[in-house]
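Written out below as structure tokens is the structure these notes cover.
What you are looking at is a predicted structure, and each value in this text was computed from that prediction instead of being measured.
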Amino acid sequence: MNKILRKIMALLSCTLLCAVCACSVAGCGEQEEQTGGKKELIDYEQFKDEYYIDIAAWGFPTLETSAENGYNTEKNNALAKDLHDAGFTTVIHAGRSNVRPGRHGTAEEVTELIRQRTALFEENGLKSIVYCSNYLKGGADNLGAMWWDFDSSGLPDFSQEEGFYGLLVWDEPYPEVMTKLAGYAEMFNEVYRGTDAIFMVNLYPSYASIFSSGGYDDYLESYCKNVLSAVEGTKYLSVDSYAIRADKQLETYLLYDIAMLKKYSVKYDALSHICLQSSMTSTKNRIPEQSEYAVQANAALAFGIDSLSWYTYITPEEEPYGDGSAPVDQSGNKNDAYYALQKVNNDIAAFGYAYKCFDWKGVILNPVAQTSAMNLILKNRDLLDMVYSEQDTDSLASVSSEQDFIMGVMKDENGNEGFMLVNYCSLADAVDAEIDIEFIGADTLMIWRNGEKQILPLSDGKITLTLAQGEGVFFVPYQA
């Protein structure tokens, strides 16, 4: 008996059993009428001031201090306001402007400076993630060191600070440091037990040279099993992946890195976070354009990633980068990239509250020019469970296009489906994607696009959406 026949027989058996049970309980002919009909649509607007997609900036411009007011100066508040206006909700205290024990005073003195900086950002609507690593990395003989000597002086406690969100304990750890990180997780539990603080370690992407012979799956599993599982509070899983190439193509590994992040965040019940590229990097000799910011972020959201960050907001710390290599320079001067990133962040904020009402279920992939990138998922048996088709949804009859697209499938607590649709196309191949969609049992589309919410009628349940390169839309079909 083949698989399909077995499935049919199982369904018939189940149907017969249910019929017998119904007769015995309610009496034949007295079964309750099926409810059917349309699902109750949630008023997503009620969550507008409560739910949002967290977007973090790596680094901030140089802050001044005054003898009278410390960091609370007009200039510093203006710099913090620029961050908030750019659509950021969180600041990661990293980069050239960060303070470090030894360089800026004792551990106690630096801790106090960070408290004051956290207060400045909180006054301007921004949370803070405090970075504790000193960038020392290496193999088994160079496991790195922390800004604080945790082993002798303990972990710093910022839990009483209003704007404190958590600690970034390590950026891109080698596999050999997992045991050490597990020890820091236990120390974190002792200090932050009972709080909402996050323990953040930002992991390598799959293309890092240390995985040239494979092993990325083992790397993520090792971290989650040995470190993430040791954290008692909120689980927070972070990966970085920089995909914007000098030739305006997209690196093939971005979607794979996002999918692997989602796989392990689901497996270990963790919040998922991805760090994306907003500046030049060592192999990318230009700053991304607006549509390239959009395609990175929208792709991540189509895979149900919970939060984003951009590396970096200010001129990167590594040499030889100078002004113009990031959206803002060290003095806080903005360039065109600032406004491009601002647009993308604020477009995401416009639908974030509704997006957060849904649980991610899977993703529909339509490879055309991006076949290599999507095949890293479609031909990976460990990731196939997240790949959906129209038949796996309740409200899609069909979706098609001659261009690449990604469509995230989500469901709210009432069973309504939401979709995150993205034209996944590189700047080099920039082309609009016409996407034809037919829905089941829907005559109206609630859609967030270009920073605005719209209610669109469907013609016989059908609509054609034309998306520009990198553009993403979030929508909910329903019966009005």
Side-chain angles (χ1 to χ4, degrees), residues 50-60 83 88-95 98 111 114-115 117-119 121-122 125-133 146-148 150 154-173 177-178 180-204 220 222-241 258 261-262 264-276 300-301 304-311 313 352 356 360:
E50 183 179 355
Y51 295 168
Y52 62 92
I53 296 169
D54 187 43
I55 304 177
W58 284 73
F60 47 84
L83 277 157
F88 291 105
T89 56
T90 297
V91 179
I92 298 175
H93 293 221
N98 206 14
T111 299
I114 291 176
R115 293 187 198 283
R117 290 171 170 222
T118 299
F121 291 126
E122 194 276 333
L126 298 161
K127 299 179 295 184
S128 288
I129 295 177
V130 178
Y131 189 14
C132 296
S133 174
M146 313 318 289
W147 295 2
W148 286 266
F150 291 173
L155 197 67
D157 185 359
F158 299 104
S159 61
Q160 300 305 309
E161 307 307 314
E162 285 289 332
F164 176 71
Y165 185 33
L167 293 180
L168 172 56
V169 176
W170 211 291
D171 183 30
E172 298 185 336
V177 306
M178 296 305 174
K180 191 168 190 175
L181 287 173
Y184 290 150
E186 294 294 348
M187 298 175 71
F188 179 88
N189 293 336
E190 290 298 318
V191 176
Y192 292 99
R193 182 174 287 118
T195 73
D196 295 327
I198 62 166
F199 178 92
M200 179 181 179
V201 172
N202 187 52
L203 300 174
Y204 274 114
L220 294 179
S222 175
Y223 175 77
C224 291
K225 182 178 180 180
N226 297 299
V227 184
L228 188 65
S229 295
V231 178
E232 293 179 1
T234 301
K235 304 281 192 291
Y236 193 91
L237 184 60
S238 176
V239 166
D240 58 40
S241 190
I258 295 171
L261 168 62
K262 191 61 184 181
Y264 279 97
S265 69
V266 170
K267 180 176 180 179
Y268 284 90
D269 193 23
L271 293 175
S272 53
H273 174 92
I274 189 160
C275 174
L276 301 169
L301 295 176
I305 301 305
D306 295 299
S307 63
L308 316 170
S309 63
W310 294 104
Y311 183 86
Y313 176 68
K356 285 294 186 177
W360 184 82

**Study point:** Val91 side chain near Arg117 side chain, heavy-atom distance below 4.5 Å
**Key:** no
Review point. Sub-3.5 Å donor-acceptor pair from the side chain of Asn189 to the main-chain atoms of Glu232, do we have one?
Key: yes
Review point. Who are the salt bridge (Lys or Arg N to Asp or Glu O under 4.0 Å) partners of Glu122, not counting sequence neighbours?
Key: none
Check your understanding: What heavy-atom pair brings Asp157 and Ser159 nearest, and what distance separates the two atoms?
Key -> OD1-OG, 2.7 Å
Review point. For Ala197, which residues count as a side chain to side chain contact (heavy atoms under 4.5 Å, CB included) partner, sequence neighbours excluded?
Key: Phe164, Phe188, Tyr192, Thr195
**Study point:** Sub-4.5 Å side-chain heavy-atom contact between Ile258 and Ile274
**Key:** yes
**Study point:** Rounded distance [0.5 Å steps], CG in Leu83 versus CZ in Phe60
**Key:** 9.0 Å
**Study point:** Pairwise distance OG(Ser238) to CG(Asn202) - rounded to 0.5 angstrom
**Key:** 3.5 Å
Review point. Below 4.5 Å, heavy atoms only, C-beta onward: do Phe199 and Val227 meet side chain to side chain?
Key: yes
Practice item. Could you tell me if the ring centre of Tyr313 sits under 6.0 Å from that of Phe88? Key: yes
Exercise for review: Mind listing the closest non-hydrogen atom pair of Pro156 and Val191 along with its distance?
Suggested key: O-CG1, 4.3 Å
**Study point:** Validation row: Leu228, Val201 side chains within 4.5 angstrom (heavy atoms)
**Key:** no
Exercise for review: Quick one: list whatever passes salt bridge (Lys or Arg N to Asp or Glu O under 4.0 Å) with Asp306, sequence neighbours left out.
Suggested key: Lys356
**Study point:** Straight-line distance of Ile92 CD1 to Asp171 CG, nearest 0.5 Å
**Key:** 9.0 Å
Check your understanding: Ile55 versus Ser307: any side-chain heavy-atom pair under 4.5 Å?
Key -> no
Check your understanding: Does the side chain to side chain contact (heavy atoms under 4.5 Å, CB included) test come out yes or no for Tyr223 and Tyr264, once each step is laid out?
Key -> CA-CA 10 Å; Tyr223 175 77; Tyr264 279 97; over 6 Å; no
Exercise for review: List the atom of Lys262, the atom of Gly304, and the distance in Å for their closest heavy-atom pair.
Suggested key: NZ-O, 2.8 Å
Check your understanding: Does the side chain of Val130 reach to within under 4.5 Å of the side chain of Leu168, using non-hydrogen atoms?
Key -> no
Practice item. Find the distance between CZ (Phe158) and OG (Ser128) and round it off to the nearest 0.5 Å. Key: 10.0 Å
Review point. Quick one: side chain to side chain contact (heavy atoms under 4.5 Å, CB included) partners of Ser229, sequence neighbours excluded?
Key: Tyr268
Revision key, fill the gap. Sorted by chain and number, sequence neighbours left out, salt bridge (Lys or Arg N to Asp or Glu O under 4.0 Å) with Lys127 holds for Asp54
**Study point:** Donor-acceptor pair, side chain of Asp240 and main chain of Cys275, under 3.5 angstrom
**Key:** no
**Study point:** Working for side chain to side chain contact (heavy atoms under 4.5 Å, CB included), residues Leu220 and Leu261
**Key:** CA-CA 8 Å; Leu220 294 179; Leu261 168 62; over 6 Å; no
Review point. With Glu190, which residues qualify under salt bridge (Lys or Arg N to Asp or Glu O under 4.0 Å), at least two apart?
Key: Arg193
Practice item. Can you spot which of Tyr165, Phe121, Trp58, Tyr131 makes a ring-ring contact (aromatic ring centres under 6.0 Å, His included) with His93? Key: Phe121
Check your understanding: Does Leu271 reach the side chain of Ser265, with side-chain heavy atoms less than 4.5 Å apart?
Key -> no
Check your understanding: In this structure, are over 12 heavy atoms from other groups packed under 6.0 Å from Asn226 atom CG?
Key -> yes
Check your understanding: So does Glu50 have more than 12 non-hydrogen atoms from other groups sitting under 6.0 Å from CD?
Key -> yes
Exercise for review: Drop me the distance from Ile198's CD1 to Ile129's CD1, to the nearest 0.5 angstrom.
Suggested key: 4.0 Å
Check your understanding: Rounded to the nearest 0.5 Å, how far does CD1 of Ile53 lie from OG1 of Thr89?
Key -> 9.5 Å
Check your understanding: Taking the side chain as C-beta and beyond, is there a heavy-atom pair between Ile305 and His273 under 4.5 Å?
Key -> no
Exercise for review: List the steps, then state whether side chain to side chain contact (heavy atoms under 4.5 Å, CB included) holds for Leu237 with Cys224.
Suggested key: CA-CA 8 Å; Leu237 184 60; Cys224 291; 4.0 Å; yes
